[in-house]
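Written out below as structure tokens is the structure these notes cover.
Throughout, numbering of the chain's residues begins at 1 and tracks the sequence.
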Amino acid sequence: MPRLPETCHALVILTFASAATAEHIVAGVPLAARVLREVALGLGETGAHTECHVVAPGGWMPSPRCRAEIARLAPGLDWILTCEQTSPVGTTLYLCGEALVPGEAIAAALTGPSRPVSGICPELTGAVALSRELSSAAHLSALERRLIAGTGKAADGIVSRYFNRPISQAISRVLLRVPGITPMHATLGTAGLGVAMAACLFTGTEPGLIAGALLFQAASVWDGVDGEIARASFQTSARGAMLDSLIDAATNLAFIAGLTFNLWQRGESDAALAGLAGLAMLATGLTLLGARSRTNGGHFTFDAVKNHFRKRPSRLMRALSFVAMRDFFAAAYAVLIVIGLAPHALIAFSVVTAGWLAVTIAVLFRTRKTGTVASSC
């Protein structure tokens with residue numbers, strides 16, 4: 001991207017319709033902090049001396065929460081509050097805060113040929129008028145929905161994309177309105193559902209079996225919430241991703257262990273023995289994947305084999321990867337158990353896990369020297 005000369009002075013004049021919209025919480029972050037983050041990202045691309053003037057009628061004084069979020073998200077930004085129109089100096093850009101203009105669009109407007117971008121106005125009066133137009137509760141709510149909808153992953157499985165993710169994003173939208181909410185709170189919620197699931201399964205009863213299967217599916221849905229909160233509020237971390245992966249693995253192991261115990265208690269010895277074999281193979285595979293992730297460094301993950309095949313896309317591998325994902329596994333087992341096919345499901349799990357373990361060992365062996373297996377957050 002072109003850069004402004006270092007001697008050039010760039011000024012961004014950012015307007016809000018009122019203090020209320022500047023402070024409005026959008027997906028867990030005050031709108032002003034969210035906008036100033038984009039301004040900081042955009043100005044960071046220009047290479048010039050830059051500053052930002054924030055105009056908000058009514059003598060806006062940012063709340064402590066808003067100031068803390070601005071400091072977290074735009075730590076190096078030179079910004080000041082003003083109630084008066086600032087005279088243009090050098091390169092001046094007028095922004096409407098409620099439009100939440102992306103940082104790359106801000107940088108392009110400052111350094112490249114002018115082009116129409118929603119939220120970037122030729123003069124202050126136009127920015128003020130647009131801010132008033134976009135300050136409605138309906139617009140801010142739609143903005144929040146758009147931001148949360150963008151927290152999904154391209155690698156989501158079929159069940160996650162069309163069933164789990166819409167539910168988890170609705171939950172995330174509610175939780176992000178709670179002051180002080182963090183991804184860790186959602187991660188602990190997943191762990192809590194896993195504990196409740198195991199408690200139901202280890203009762204050794206049929207009602208406990210059905211309740212445990214439904215809770216396993218609920219944990220699969222809830223599992224998306226921590227990542228959505230993290231991405232929507234810019235709180236992603238390697239530690240959080242590792243804890244999420246470990247809780248997912250523990251929940252999967254607890255489900256198979258609990259299902260095996262439940263069927264054993266109810267006289268399904270053949271299925272229980274198959275479950276024990278599958279549990280041992282699952283634990284072995286996860287241990288190998290965890291060890292490889294540690295060896296490779298980066299974010300801790302159990303996705304090495306999945307990522308390996310993503311680099312060799314084919315219709316067959318895409319279909320197999322979707323079937324092997326936890327979202328599909330949890331939903332399928334919930335259905336099979338509810339309709340009374342728990343023993344058959346456990347035997348099928350053992351057979352599929354044997355194939356998965358063989359593929360895992362083969363991939364890890366082939367990539368042991370090159371270290372080409374990638375990790376993902």
- Should we count CZ of Arg266 as having more than 12 external heavy atoms under 6.0 Å? yes
- Message: Quick check on the hydrophobic clustering: are Phe216 and Ile347 connected, directly or via other members, by side-chain heavy-atom contacts under 4.5 Å?
- Response: no
- Under the ring-ring contact (aromatic ring centres under 6.0 Å, His included) test, which residues partner Phe16, sequence neighbours left out? none
- Item | Side chains of Leu201 and Phe255 in contact at under 4.5 Å (non-hydrogen atoms) | yes
- Quick note, salt bridge (charged side-chain N to carboxylate O under 4.0 Å, His left out) partners involving residues 342-361, not counting sequence neighbours, are none
- Are any of the side-chain heavy atoms of Ile80 and Val54 separated by less than 4.5 Å? no
- Item | Test log, rule side chain to side chain contact (heavy atoms under 4.5 Å, CB included), inputs Trp356 and Leu282 | CA-CA 9 Å; Trp356 168 80; Leu282 177 61; 4.1 Å; yes
- Give a yes or no on whether the backbone of Lys153 and the side-chain of Asp156 come within a donor-acceptor separation of less than 3.5 Å. yes
- Query: Do Val35 and Leu134 share a hydrophobic cluster (ILVMFWY, side-chain heavy atoms under 4.5 Å, transitive)?
  - Reply: no
- All side chain to side chain contact (heavy atoms under 4.5 Å, CB included) counterparts of Leu279, not counting sequence neighbours: Leu253, Ile256, Ala257
- Message: Using a 3.5 Å distance criterion without hydrogens, assess whether the side chain of Gln169 forms a donor-acceptor pair with backbone atoms of Ile148.
- Response: yes
- Answer with yes or no whether the side chains of Ser135 and Thr21 bring together a donor and an acceptor at under 3.5 Å. no
- Query: Hey, does Arg65 have a side-chain heavy atom less than 4.5 Å from the side chain of Ile25?
  - Reply: yes
- Would you indicate whether His344, at its atom NE2, is surrounded by more than 12 heavy atoms from other residues, nucleotides or ligands within a distance under 6.0 Å? no
- Message: Taking the side chain as everything from C-beta on, heavy atoms only, tell me whether Trp222 gets closer than 4.5 Å to Ile167.
- Response: no
- Query: Backbone N or O of Ala27 within a donor-acceptor pair of the Glu144 side chain at under 3.5 Å?
  - Reply: yes
- Item | Heavy-atom side-chain contact between Phe349 and Met281 under 4.5 Å | no
- Item | Which residues share a side chain to side chain contact (heavy atoms under 4.5 Å, CB included) with Ser172, sequence neighbours left out | Val225, Glu228, Ile229
- Item | Heavy-atom donor-acceptor pair, Ser141 side chain to Ala137 backbone, under 3.5 Å | no
- Item | Residue pairs passing the side chain to side chain donor-acceptor pair (under 3.5 Å) test where at least one lies in residues 22-41, sequence neighbours excluded | Glu23-Trp60, Glu23-Ser63
- Crowded around Phe261 CZ? As in, over 12 foreign heavy atoms under 6.0 Å? yes
- Item | More than 12 heavy atoms of other groups within 6.0 Å of Trp79 CH2 | yes
- Query: How would you list, by chain and number, every residue that makes a side chain to side chain contact (heavy atoms under 4.5 Å, CB included) with Val101, sequence neighbours excluded?
  - Reply: Leu95, Ala99, Ala105, Ile106, Val117, Ile120
- Task: May I ask whether Leu73 and Val39 are part of the same hydrophobic cluster, defined by side-chain heavy atoms of I, L, V, M, F, W, Y residues being less than 4.5 angstrom apart, directly or through others?
- Result: no
- Task: Compute whether any side-chain donor of one residue and acceptor of the other, for Gln217 and Asn164, lie under 3.5 angstrom apart.
- Result: yes
